[in-house]
Amino acid sequence: MRNLSIKNLSGPTGILAALVVLIVLFSLLNPRFASVENLQNVLFQVSVPLIIVVGTSLVIQMGSIDLSVEGVMGAAGMAWILLSPNTRLEGDIGVWAWFVALGLGLVLGLITGAIYAKLKVPSFVVSLGTWYVGLGIAILLYGNALLPSLTSEALARWPTQLTLGLPNCFWLAAVILAAGVFVSHYTKFGRGLMAIGNNEPIARSNGMPVDRYKIAAFAIAGTLCGLAGILATMQLGSGSPDIGFGQLFVVIPAAVIGGTALSGGEGGVIRSAIGVFLLIILNNGLVLAGVDPDYQSGVFGMILLIAVIAVAWPQRGRLKVAK
Amino acid sequence: MTQAYPPVLKLTRISRSFGKVKAVNNVSLQIDRGEVIGLTGENGAGKSTLLKILAGIERPDEGTMEINGKVANFRSPNDAFKAGVGVVHQEQSLFTNLSVAENIEQQNQSRMGLERFGFQNWKRINADAAAVLKKIGVNLDPKARVGDLSFVDRQMVEIARAVCVEPGGDGTPLIILDEPTAVLEQAEVEVLEREILKLKKFASVIFVSHRLDEVLRICDRVLVMRHGVLTSDRSTEGVTKDELFKAMVDDAPTVSTHARSSRPIELKPAIEVQGLTMKGKFRDISFAAYPGRITALVGTNGSGRGRIMRALFGAEEFDGGTIEVAGKPVHNWSIRKAVAAGLAYVPAERKVEGMIGGYSGTRNIALVHPGEAARGQILRPGKMAETAQSWFDRLDVNPNNIKQPLDQFSGGNQQKVVLAKWLNSSDLKVLMLDHPLRGLDVGVSQAVNAEIRKACDHGTAVILIPDTIEEALEMADEIIVLRDGQLSARHDLSVASDLAIKEIVAEMV
């Protein structure tokens, strides 16, 4: 019991404290950081990785990993823009574009999940494969023509428009986040993922539909990557196979910093979301603090290393094995 | 009481063979409502197979099984569960990251209201778990995380799961506890014993154990198996340990107690610690282990003895004090340095830390001290096999197959190989053993103890953490008692011969 309270608090409070420190620090370095426009800007940037990290967390909680994020985003984003009003002036099928693009994400997720669960290939390798399959689809859709741009003002402006003072894209992410929290806490599926991550043989011997849960988790992750691909395309106003570039580098460290162990069974959606905020604010703050763009990647990487070391610190021990 | 109900379990001429081996041979027995039955026998006597039949994991070749008066034909563990047979397996099977209530729920799946659609009804799950815990008289928070509980509390969660069986009507649940005390400490065993008495009120219990004292204390009746046959079925009243012992083994060997002569202490210690301290774990520990002597560290689970031993082996950090090996103080102590200095450590968690399960006996034995079997990085397979074979023969490892992966051996035979791995050094200075007899039967225990003594006679200093105080008295030359991380007493057995167990227990708690 005593351990319980400490353990449950240390993760989220530690990272929340880090978040507060960062915000204070950046506000002091540049007053513009704490401005309303910049906060709206942060919420705008945070939306896409927040949507992705919900799926990533569900997958990591069961001890697997989904690396296909950027490929699936590219395929879904490209499919969506080519089926929406765009500069190529053909193929607009209106709202159906959403179904096709999300369906593409779903199918790619299902394929990853099925190969992983049924053919027992490690998810690390399978999802690397589906990453490039997704990327391949996006490149084929792109063809040799110019990159398509959105021609619908309404669609292009939707993400930045404010509702109750917050950008629409953030509201979308918040709804997905809430759904993710609900699924992982209040459904047998969500609890089952935690059980599988802790001890899969016991989960099986308890009659849990382990394979179905695994496939479902990847299907959800794929669909959410599809949604993230659409949103990122809308935010940019034009399509690109590379629309998801750099997202994997945000969501997986975010989950780890949030305390979602890569070995499974620990952490949660909310914690990963806080991790996303931390990394995006870090990135945003470095820009505003005037760090030379040439140094930004390196500095970002180093701070990331420090953060993951801080997270792993309490668990280090002589005979502890990290893989 | 027995008249009003059919027997909870009735087996008639049950047999089960694996190839030519009759694991269970023509076993008939009856268990009545509210009875606590002890089941004992050596490793390989057929207890496990019999339990598997009761649990629906194995099916009998012949014979009939009746549960609560109904003929039972289990096709799966789930069938057994539904008929009212709840099993607490030897190895815990809980999700350590989930709550107590969720773990109990795993067995007890309800399909009411929204739960039919896969929603988690926390209120119902917590209430159900609280009810079960109350029924078995255990004071645990259903919302507590299982990983944060002590071992014995987790055992209680396992029992709560088993109690959720559905015997139907006025049937009596049959709860099977497979060696639940094997890894418990004295105080925890008492908790479990009290729990079993509570279960008696509404269930029948089969209690499997190697420890005859416990069986005699807890059970109403005791069954002994040998080579698949039920050799004894007696009331625990009036039966002696010796009689049970005879039923267990073919020819009863005499239990040898401490029979060492006092040894000269002018010897230099092989390892000596001064004021060893680890904040919050243990403090100011000073003692020495001498060549040719066995030093036992006794204490309860939280006494720090395991950590002290690990610190000696460089597997655990310490923040104060010194360790001297062969008279020289050590710096930046680590496992690599410890091994190089001739230290050996047989851990309590054999499967996790003591062996590489997927490796054969040959490769496990060559792991630390390959001796002749390696020249630098280059291994010599012929020599490796030769060495392994000689150890398998010497320790009578069964099956005598040095190529078989170690995780396919029984616990006792695994322990022999783990021991061989360390003993395969021509220059073993200190042998440290944490619960070396855990889960081993009488025969293997004696073999392991004999090897420990042999190493000792060759001039190795032995430090032992025993399962029981009896074991310490039987093996050790010196007993060091630890309490709450501090040294509370030491007894030189070559001087004080009539030391009582009660005295030591008093020093432990």
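Scope of the values below: all heavy atoms of this structure, side chains included, with no hydrogens, waters or symmetry mates. Letters A, B, ... mirror the listed sequences (proteins, then strands); counts begin at 1.
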If we only count heavy atoms from C-beta on, is the A:R191 to B:E102 side-chain gap below 4.5 Å?
yes
Is the distance from the ring center of B:F119 to that of A:F182 below 6.0 Å?
yes
dist B:L94:CG -> A:N199:CG (nearest 0.5 Å) comes out at 9.5 Å
Is there a donor-acceptor pair under 3.5 Å between the side chain of B:N97 and the backbone N or O of A:A195?
no
Are there more than 12 heavy atoms of other residues, nucleotides or ligands under 6.0 Å from atom CH2 of A:W98?
yes
Do the non-hydrogen side-chain atoms of B:L98 and A:N198 ever get within less than 4.5 Å of each other?
no
Is the NZ atom of B:K279 crowded by more than 12 outside heavy atoms at less than 6.0 Å?
no
Tell me, yes or no, whether the heavy-atom count around B:R59 atom CZ, taken from other residues, nucleotides or ligands under 6.0 Å, exceeds 12.
yes
Might you confirm whether atom NZ of A:K120 has over 12 heavy atoms from other residues, nucleotides or ligands at distances under 6.0 Å?
yes
